[in-house]
Amino acid sequence: MIRAIAGLALPILAMWSVFRAARLQYAAHSRLLTLALASCVGIGASSALTFTTLMLGGSLDRGFVWRDASLWVTVAVLSWVVGSRRHRLPPTVAPFPQPTPADWGVRIGFLCVLVIACAVPVVEYLTAPHGQWDAWAIWNQKARFMFRAGPRWTDSVAIPWSQPSHPPLVAASVARLWAYAGAELTAVPAMLSGAFALSILAVVMGALDLRTRRAWVAGAVLVAPWTFTHLAAAQTGDLPVSLFFIATLVMLPMRPAGWRKGFETNAALWLAGATAALAAWTKNEGVVFFAAVTALVIWSSARHGRLGDTRWLIIGALPFLAALAWFKVDVVPQAPEYFGGTNTLTAVFGRLLDTSRQAEIASAIWPLARHWGGPAASGSLFVIAGLAIGMATRPAGRVARGFLAVAFTMAVGYLVVYLLTPLDVTWLVQTTFERLTLQVWPILVCAACAPAETDGARQA
Amino acid sequence: MRQARELRRYTGVVPASWSHTLSTLAIVWSLVAALSAFRAARTQPADPMARLEAEFRQLVLELPPSGVVGYLGHYVDDGADLAVRTHYAAQYALAPRVIPNRTGTEFLIVAAGNARPDGDPRLAGYVQVARTAAGHRLFRRFPR
C-alpha cells in the first residue's frame, strides 16, 4: 500500500514542482488550491501516460513502474532546479484581518463536520471494499483488464454494461497504482476516491480563500450531505469529473479581482484548459463541460477584446484532448449507448418534443431532487441552488453567474440525454440523477458562497 | 445609511450579525447532516461482491487466460437484481476474460441456481469440469 501511496504522490509532487518552475502557482492565490490543481493535473497526466503505455503494447509490470517512477522523479528534480534558479516573485499575500472568536468557532465546527464526513467512506469501505455497483461493473473492472491483460485491455469494450464509451482516467489511474502496489488492493481505488473528494474540498476552500469565514462554511456544507460522502466511497467516475469541473471554473479569469492578485491570466487559462480537458478525459459528460467552458471563455475574452487569450485554454487542453481523440478513434469509435437510435433528425426531435416523456422525466426527478443529499439534508439542493441564484442575480454576482451558466449548461446536457435515450427513462433518472447532480454540487456551493465583487475590486 | 444599503444590494454582502447567524446555522445543519450520513452509512448492508468474487475466482485455474467464456442466465428471472449482480460478479472476478450471457462457447459458467434443477436443455453437449464450494459450476463442450 505504501508503494501505491508513493505512486499517487509522485506525479502530484512533480506537477507541484513544474507549477513552481513555470510560476503557474501564481495563477492560484493559495497553496491549498495549487496543491489541489497539482493533484488534478498530476493524476490526469499519469493516467494519460498509462493509457499511452497500454496502447503502445506495453504492460503494467515492474518495468512500467520503474519507468513511470523515474519519469516523475526526473520531472520533479529538473523543475525544482529550474524553479530554484529563477528569480522569485515576492509573495502577494493581501493583508487580512485576524480571525475573530466567531471565525474560530466556524473553523472548529468545520473540523467536526470533516471528521464525521471522513468516517463515512471508511465505514462504507468496510462493508463494500469493492465500491458501489458502478465501481465493480465499470471502473474497477476496466482497471482489472488493464492490470491483468496489458494491451488486451480493449477486450473490455465488448462488455455492454461496462460503459465502454467513458474515457479511462479513473480505470488507468487505479491500474497504475495497482502496478505500483504489485497487487489488486481494494484499498487503492478507495484511496484514489478519497483523494478526489479531498481535492474537491481543497479547491472549493482554497478558491474561496481560507482566511475568510465563507470558505470554512462552504467546506462544511460541501461535504455534509450523505450523497457526497457516499460517492466518495463509491470508487466511480462522478467525483473526479466533479473535481475537474470546479477546478476549471475557479481558474477562469471571470473570478473577481480579489482572487486574481499576483497571477498571470494566461497561466490560469492554461490550467483551466488542462482541467476542463481532464473532465472530458474522465467521463462523457466532460465533453459537454469542455464545450461550455470554451464557449464561456471565448465570450468573456471577446467582450474584453482579448480573444487571443483563448489559445492558452486550448494549449492547456491539447495533450488530454489528444489522448481522448486516440481513445475515441482507436478503442471505442461508436457513440455512447444511451444515444442509441438517434441517428436521424426526425428521431431526435421526436424524442425531444415528446411531452409524455418530458412529464415522465419531471415526475421521476422531482422526488429525487427534494430528497437529494440524504437523511437530514433533504431540500439542501434547492436551498444552495436558491442561494447561488440569489448571488447571481446581484449586480456584483459575476462569479456566481459564470458558475451557474456552466452548471445550467450541464443540467441541460443531462436533460437532453434523458430525453434522447432509448433506455427506460425512469430507471435512468433514478440510477443517475443523484450522482449527476453531485457533479455540479461543488459548483453550486462555490457560487452560493462566492465573494461579491465590489466597485473597488472591479477597478483593481 | 442609504449608501451602505446600496452597497449591500450591489455586493450581496449581508450585515455582520446576519453573517454570524447564517454561518452558525450552516455549520449546525452541516453537523446534523454529517451525523445522519454517518448513521446511514453504518446501517448499510454488507456488500456481497467480495464473497461472490472469491467464489468465482475458484474457477480461474480451469479457464483459458483470455477470450470469451459463456454464462448461463437464470432459467426464470434473468433480469432480477441478484441474477444480474451474480453475472457481473463473475465478469469482475474473471477479467480479462469476457463473459457474455450466452451459451455456445467452449467454456460455460453456470452460477449456483441458474440452471433448471430438473435438467436444463441449454446445457446439452456440455460436460461439467469444475464445481466450487458455493455451487457455481464450469462446463465445457469438447469438439466431436
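All values below come from the heavy atoms of this structure, side chains included, with hydrogens, waters and symmetry mates left out. So that the names make sense, note that chain A is the first sequence line, chain B the second, and so on, each numbered from 1.
Taking CZ from A/Arg214 and CG from B/Leu22, the interatomic distance works out to 11.0 Å, rounded to the nearest 0.5 Å. Put simply, CD1 on A/Ile116 and OG on B/Ser30 are 10.0 Å apart, with the number rounded to the nearest 0.5 Å. Note that the NE2 atom of A/His230 and the CD atom of B/Gln44 stand 5.5 Å from one another [nearest 0.5 Å]. Remark: B/Ile27 CD1 to A/Trp216 CH2 distance equals 10.0 Å, nearest 0.5 Å. Atom CH2 in A/Trp161 sits 6.0 Å away from atom OH in B/Tyr88 (nearest 0.5 Å). Note: A/Phe145 CZ to B/Ser66 OG = 10.0 Å, rounded to the nearest 0.5 Å.
The two residues A/Thr229 and B/Ala37 make their nearest non-hydrogen contact at OG1-CB, 4.1 Å. The heavy-atom pair separating B/Asp47 from A/Gly131 by the smallest distance is OD2-O, 3.7 Å.
Contacts between A/Val123 and chain B at a heavy-atom distance below 4.5 Å involve the side chain alone, from C-beta outward. Looking at B/Leu94, the atoms closer than 4.5 Å to chain A (heavy atoms on both sides) all sit in the backbone: N, CA, C or O. In this structure, the portion of A/Ala102 lying under 4.5 Å from any heavy atom of chain B is its side chain and not its backbone. A/Asn140 touches chain B through backbone and side chain together, each having a heavy atom under 4.5 Å away. Neither the backbone nor the side chain of A/Trp153 comes within less than 4.5 Å of any heavy atom in chain B. Using a 4.5 Å cut-off between heavy atoms, B/Asp81 touches chain A through backbone and side chain atoms alike.
By the 4.5 Å heavy-atom criterion applied to side chains, A/Thr127 and B/Pro45 are not counted as neighbours. Between A/Asp155 and B/Pro96 there is no side-chain heavy-atom pair separated by less than 4.5 Å.
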#### Entry: Audit row: A/Trp133, B/Arg85, side-chain contact (heavy atoms from CB on, under 4.5 Å) steps and yes/no
CA-CA 8 Å; A/Trp133 186 290; B/Arg85 184 187 288 266; 3.9 Å; yes
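In this structure, B/Trp29 contributes its side chain and A/Ala376 its backbone to a donor-acceptor pair below 3.5 Å.
For chain B, the option among A/Arg148, A/Arg144, A/Glu124 with the highest count of heavy-atom pairs below 4.5 Å is A/Arg144. The candidate from A/Val106, A/Asp103, A/Leu126 with the greatest count of non-hydrogen atom pairs under 4.5 Å with chain B is A/Val106. Ranked by heavy-atom pairs under 4.5 Å with chain A, the list B/Glu53, B/Arg39, B/Arg42 is led by B/Glu53.
Side-chain rings of A/Trp226 and B/Phe38 stay apart, their centers remaining 6.0 Å or farther from each other.
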